[in-house]
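Whatever order the structure lists ligands and atoms in, that order sets their numbers, starting from 1. All values derive from a computational prediction rather than experimental measurement.
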Amino acid sequence: MLYPMETASRVVLDLSGVWRFMIDKEQIPVDVTRPLPATLSMAVPASFNDQTASKEIREHVGYVWYERCFEMPQLLRQERLVLRFGSATHEAWVYLNGHLITHHKGGFTPFEVEINDDLVTGENRLTVKLSNMLDYTTLPVGHYKETQNETGQRVRQLDENFDFFNYAGLQRPVKIYSTPHSYIRDITLTPKVNLTNHSAVVNGEIETVGDVEQVVVTILDEDNQVVGTTSGKTLAIELNSVHLWQPGKAYLYRAKVELYQAGQVIDTYIETFGIRQIAVKAGKFLINGQPFYFKGFGKHEDAYIHGRGLSEPQNVLDLSLMKQMGANSFRTSHYPYSEEMMRLCDREGIVVIDEVPAVGLMLSFTFDVSALEKDDFEDDTWEKLRTAEAHRQAITEMIDRDKNHASVVMWSISNEAANFSKGAYEYFKPLFDLARKLDPQQRPCTSTSIMMTTLKTDRCLALADVIALNRYYGWYMGNGDLKAAETATREELLAYQAKFPDKPIMYTEYGADTIAGLHSNYDEPFSEEFQEDYYRMCSRVFDEVTNFVGEQLWNFADFQTKFGIQRVQGNKKGIFTRAREPKMVVRYLTQRWRNIPDFNYKK
Ligand code: BDP
């Protein structure tokens, strides 16, 4: 799916700004043929939760409504006009002038609809009904229940089965863009690199709609020089002396696609892309043929006031802080991030593991590993969950959206699912197959495993190209005992390496809650001293394991979660506070990571 962009043939109108808003109390049905009886102001894009002083709004479970009006410039009325949502969390019904024009479920991927037939001259009224409810059929997964209050009214309750606040709303840009009626619908690029002679072939497919006489594709380099051109919808453009996209040293080409009718260019789209090669081989993760070492983070889209809403200044700052530390990568835990962030990562040379919102796919929880290792262990996760369809859709939409990004080097199919339970392999096998079938660039796939999923109990290891472990020895297990944690970490990593010598291993989470400003002479848990000791211990072990190819700690910054006895204003495992102030450990990690090269760290 193409990102909306102005070109010689396309105009983009941004509907960001202040909309009208109300929560749906479900007492009087909303009449969409009339303006909403909504009096509150709500900024878009942003989550609605933290934009008012109302507890009722912040904690609302159910439906909310947004509305705004706009006029469509007359000079665009002859064009094909498309309304596009960067996302709508988690389910949306969109009405234009009182007509339902589209519906979409899944809160982290874009969707669009042609609006020509529903536009009127003068003021147009755009109304969006959203649901923030999650259950056993959705991604992420929530425990949903309905009860009644004293007056017999339905009360919706949601207990999120995951550790981040269920921010919702119109969290990403809402835009209208124009195209001609015959237009470029999609571009798929699959550059093939020849590392020995520094050349590449830019293979690709252009999808068009309508009458098309000819399609011309021109490749431009960063100096705006034409380096290749071809005509036809299938391309194979050879480039010599190719500039590779490298971590930290991004080089971006542009593919200018022009659609001709009667000898005239009628539609143009410019897709930015990088040329690089990804492979997993003999226990190494190779980027452009060289063993890459991941240094970085699990993150969240999470900010004061914005909630999970797009904040470009924050994205720019976050990548800048990462680079300044010598980090080179992050995982989009636990959902695909905004398209704006993905484009920024391409530009900045940040390596991304792209994750679907498959979090919470585990209905029983225990820290008792031995219980899970028993032969007769039974768990009903895969009998009770009905997420397969949502999961297929999320994978399809993520890959469709992100397939051309040079920054994306691997897909994460789930986070901490019940891989130890009966039925896990049967559930995941078709999903991994689907991702592999859909990705034109054939990136590796993984899923991150919770620490109770051990080498012994994990039924899905065969599916993953890279073993991605989320581990909290010394924190959730053996809290405060870093000696025992070190032994456990070492033993486990060596055991994985011995059993799967060809699979690279990485940590996709490890961390310790740390209260900024809390110090201890005794290096107690929650202190900044403990956090540093914890990371020093982990680093020591990582350096001993040959096939250990990456450390992505948890978390880049403190973030908001649901209430819980282990959470005081959210999760405090950030190495930065939520305001992006560094905790003490940032100095240690900066020194470590600046001394670890992106390539050939592990021989
Ligand atoms: C892991 C989850 C992550 C949590 C983290 C934690 O993947 O979402 O926030 O642990 O507990 O289980 O801090």
[X] touching ligand 1 at heavy-atom level, < 4.0 angstrom:
{"X": "Phe559", "result": "yes"}
{"X": "Met452", "result": "no"}
{"X": "Ile450", "result": "no"}
{"X": "Tyr476", "result": "yes"}

Suppose we measure from [atom] to each protein heavy atom; which comes out shortest, and what is that distance?
{"atom": "atom 9 (O) of ligand 1", "answer": "Asp163 OD2, 2.5 Å"}
{"atom": "atom 10 (O) of ligand 1", "answer": "Glu509 OE1, 3.3 Å"}
{"atom": "atom 12 (O) of ligand 1", "answer": "Glu416 OE1, 2.4 Å"}

[X] neighbourhood, listing ligand 1 atoms whose heavy-atom distance to it stays under 4.0 Å:
{"X": "Asn415", "result": "7 (O)"}
{"X": "His334", "result": "3 (C), 7 (O), 8 (O)"}
{"X": "Arg567", "result": "6 (C), 11 (O), 13 (O)"}

Exercise. With a 4.5 Å limit on heavy-atom distance, are the side chains of Phe599 and Tyr293 in contact?
Worked result: no
Seminar exercise, completed: At under 4.0 Å between heavy atoms, what of Tyr472 touches ligand 1? The answer is side chain
For this session: Please work out whether any backbone atom (N, CA, C, O) or any side-chain heavy atom from C-beta onward of Asn571 is under 4.0 Å from ligand 1, and answer side chain, backbone, both or neither.
Result: side chain
Exercise. How are the rings of Tyr167 and Phe165 set relative to one another: parallel (under 30°), tilted (30 to 60°) or perpendicular (over 60°)?
Worked result: tilted
Is it true that a side-chain atom of [X] and a backbone atom of [Y] form a donor plus acceptor pair closer than 3.5 Å?
{"X": "Arg490", "Y": "Val545", "result": "no"}
{"X": "Tyr335", "Y": "Glu355", "result": "no"}
{"X": "Gln497", "Y": "Asn547", "result": "yes"}

Problem set entry | Test side chain to side chain contact (heavy atoms under 4.5 Å, CB included) applied to Asp318 and Gln314, step by step | CA-CA 6 Å; Asp318 285 2; Gln314 174 139 332; 3.9 Å; yes
For this session: Any chance you could lay out the side chain to side chain contact (heavy atoms under 4.5 Å, CB included) test for Gln157 and Glu146, step after step, and finish with the verdict?
Result: CA-CA 6 Å; Gln157 283 179 314; Glu146 289 176 7; over 6 Å; no
Exercise. For Lys573, is at least one N or O under 3.5 Å away from an N or O on ligand 1?
Worked result: yes
Exercise. Knowing that exactly one of Tyr337, Phe162, Trp554, Phe576 qualifies, which makes a ring pair (Phe, Tyr, Trp, His ring centres under 6.0 Å) with His300?
Worked result: Trp554
Exercise. Name the one of Trp475, Phe297, Tyr535 that satisfies ring pair (Phe, Tyr, Trp, His ring centres under 6.0 Å) with Tyr510?
Worked result: Tyr535
